[in-house]
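Read the structure below first, then the notes.
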Amino acid sequence: MAKVICVLYDDPVGGYPKSYARDDVPKLERYPDGQTLPTPKKIDFKPGQLLGSVSGELGLRKFLEKQGYTLVVTSDKDGKDSTLDRELPDAEIVISQPFWPAYMTAERIAKAKKLKLIITAGIGSDHTDLQAAMERGVTVAEVTYCNSISVSEHVVMMILSLVRNYIPSYEWVIKKGWNIADCVERSYDVEGMNVGTVAAGRIGLAVLKRMKPFDVKLHYTDRHRLPKEVEKELNLTYHPDVESMVRVCDVVTINCPLHPETENLFNEKLINKMKRGAYIVNTARGKICDRDAIARALKSGQLAGYAGDVWFPQPAPKDHPWRTMPHHGMTPHISGSSLSAQARYAAGTREILECWFDNRPIRNEYLIVDGGKLAGVGAHSYSAGNATGGSEEAARFKK
Ligand code: NDP
């Protein structure tokens with residue numbers, strides 16, 4: 001029987017939920033640009049359930065077994081003796097989420113002789129060696145737009161919490177203090193600040209729109225310029241390159257994919273071109289920033305704060321410097337995995353699988369690699385090559 005491997009994050013430490021904080025999630029009709037939400041013929045889950053963890057199985061078991069597939073669901077993904085490695089040789093389809101990525105390196109792709117399709121149940125397929133997928137003719141697809149708005153909300157939350165010094169102030173309450181001076185000695189208003197995004201795609205543009213009511217000055221840089229009417233409506237300053245933007249910004253948010261062009265973009269040299277005391281919020285990918293340069297800049301005061309939810313590798317080793325560096329507001333990779341977003345990416349994954357089994361084309365906007373080359377969104381937003389180097393370090397989390 002053909003096999004599907006689904007790599008998902010672990011269930012909550014207290015066990016798979018028996019009830020939820022809310023009874024429903026809002027039902028959306030369309031994404032902001034008019035793109036339709038996922039359209040599978042059917043779903044076997046209730047929106048609002050935890051679907052992204054092992055017991056949630058993305059709601060796929062019934063459907064896949066009916067198609068005659070064996071479904072292997074595991075969180076054990078790193079190291080040579082992992083369940084993922086053991087199951088790979090006869091897998092036809094591998095599904096994982098960027099939050100807990102199955103790093104599909106060239107070595108793993110070579111080992112998976114029957115592999116035809118890799119699905120990212122979410123957005124961002126940098127955990128797959130796209131070059132190797134192209135060379136092997138493996139299709140790579142993701143659920144474009146499914147959690148872009150979720151992430152933009154997280155970005156706004158993190159900008160406000162860094163600038164206003166929320167987390168240390170919250171900690172004073174837990175420590176039973178009333179230390180106002182300690183809280184406010186690093187607290188500012190966002191109003192009037194220069195806020196810029198690296199990339200104004202689905203997330204970047206949503207962040208700009210959400211930040212406008214805070215009366216900030218908005219900036220962006222991107223490979224393609226936004227339409228004139230959007231620039232006018234949001235009063236945007238466009239920068240042809242990232243250097244010119246970071247020089248004037250108090251807050252920089254990073255919203256581009258990780259690909260060879262953006263790997264290590266925020267290195268020591270670029271960080272030193274930023275205003276002293278600037279903040280970075282990176283919910284795009286950890287590897288876009290130089291890990292040690294960020295930690296050094298926070299220690300020296302070149303950066304006043306850094307927040308985000310993306311690390312490299314994932315899960316981040318226990319001694320990853322971003323866990324302990326000063327003035328950070330990091331979370332594990334969660335911004336795109338709210339229960340609301342899970343319903344969309346689980347439905348989108350099902351839609352991709354239904355198309356695959358019915359021999360119908362997968363939506364162009366979901367394609368990253370197809371027919372041996374970058375395709376769809378992949379052709380627009382990525383560059384050829386590989387960004388998985390060093391991912392074997394993820395095995396250290398277990399130790
Ligand atoms: P989009 O494809 O809508 O936007 C990506 C944008 O990045 C495009 O406008 C693209 O430009 C631009 N871009 C690509 N390369 C560069 C570059 N070198 N310099 C400047 N801009 C560049 O994707 P989303 O906005 O939905 O998502 C963006 C990324 O965010 C994802 O790839 C993923 O890595 C991350 N993400 C994180 C999540 C989380 O949970 N933290 C969840 C979802 C996404 P153009 O197309 O104009 O060439």
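The first residue of the sequence shown is numbered 1, and numbering continues consecutively from there.
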Exercise for the section: Determine whether Ser96 and His127 make a side-chain contact, defined as any pair of heavy atoms from C-beta on separated by less than 4.5 Å. Expected result: yes

Problem - Partners passing ring-ring contact (aromatic ring centres under 6.0 Å, His included) against Phe45 (at least two apart in sequence or in another chain) - result: none

Fill in the blank from the handout: Residues pairing under ring-ring contact (aromatic ring centres under 6.0 Å, His included) where one sits in residues 190-219, two or more places apart or in two chains, turn out to be His219-His239

Side-chain donor-acceptor pairs of residues 22-33 under 3.5 Å, sequence neighbours excluded:
unit_1	atom_1	unit_2	atom_2	d
Arg30	NH1	Gly34	O	2.6
Asp33	OD1	Gln35	N	2.9

Handout entry: Non-hydrogen side-chain atoms of Leu60 and Ile95 separated by less than 4.5 Å
Key = yes

Exercise for the section: Can you sort out the partners of Asp90 under salt bridge (charged side-chain N to carboxylate O under 4.0 Å, His left out), two or more places apart, ordered by chain and number? Expected result: Lys3

Practice task
Spell out, yes or no, whether Leu353 and Leu8 are grouped together once hydrophobic residues are joined by side-chain heavy atoms under 4.5 Å, including indirect joins.
Solution key: yes

Handout entry: Asp44/Lys66 salt bridge by N-O under 4.0 Å criterion
Key = no

Problem - Rounded distance (nearest 0.5 Å) linking atom CG of Leu339 with atom CZ of Arg344 - result: 11.0 Å

Fill in the blank from the handout: Applying ring-ring contact (aromatic ring centres under 6.0 Å, His included) to Tyr306 and not counting sequence neighbours gives Trp322

Handout entry: Residues forming a salt bridge (charged side-chain N to carboxylate O under 4.0 Å, His left out) with Arg223, sequence neighbours excluded
Key = Glu261

Exercise for the section: State the OG-OH distance between Ser75 and Tyr9, to the nearest 0.5 angstrom. Expected result: 12.0 Å

Exercise for the section: Report the C-alpha distance between Asn147 and Ile123 in whole Å, list the side-chain angles of each, state the deciding distance to 0.1 Å, and finish with yes or no for side chain to side chain contact (heavy atoms under 4.5 Å, CB included). Expected result: CA-CA 7 Å; Asn147 53 16; Ile123 305 174; 3.1 Å; yes

Handout entry: By side chain to side chain donor-acceptor pair (under 3.5 Å) - contacts of Thr144 (at least two apart)
Key = none

Exercise for the section: Could you check if a side-chain atom of Ile294 sits within less than 4.5 angstrom of a side-chain atom of His328, using non-hydrogen atoms only? Expected result: no

Practice task
Quick one: which residue pairs count as a ring-ring contact (aromatic ring centres under 6.0 Å, His included) with a foot in residues 61-83, not counting sequence neighbours?
Solution key: Phe63-Phe357, Tyr69-Phe357

Practice task
Could you walk me through whether Asp129 and Thr388 pass the side chain to side chain donor-acceptor pair (under 3.5 Å) test, one step at a time?
Solution key: CA-CA 6 Å; Asp129 183 333; Thr388 64; 4.6 Å; no

Practice task
Can you sort out the partners of Tyr345 under ring-ring contact (aromatic ring centres under 6.0 Å, His included), two or more places apart, ordered by chain and number?
Solution key: Phe99

Exercise for the section: From the options Glu392, Glu393, Gln314, select the one residue that forms a side chain to side chain contact (heavy atoms under 4.5 Å, CB included) with Tyr103. Expected result: Gln314

Problem - Transitive ILVMFWY side-chain link Val151 to Val252, under 4.5 Å - result: no

Handout entry: salt bridge (charged side-chain N to carboxylate O under 4.0 Å, His left out) contacts in which one or both residues fall within residues 154-167, not counting sequence neighbours
Key = Arg164-Asp189

Handout entry: By side chain to side chain donor-acceptor pair (under 3.5 Å) - contacts of Arg136 (at least two apart)
Key = none

Problem - Residues Arg350, Glu354: salt bridge by 4.0 Å N-O rule - result: yes

Which side-chain N or O atoms in residues 173-182 pair as donor and acceptor under 3.5 Å with protein atoms at least two apart or in another chain?
unit_1	atom_1	unit_2	atom_2	d
Asn179	ND2	Asp182	OD2	3.1

Completion exercise
Checking Ser337, Pro332, Pro315 against Trp100 for side chain to side chain contact (heavy atoms under 4.5 Å, CB included), the one that qualifies is Pro315

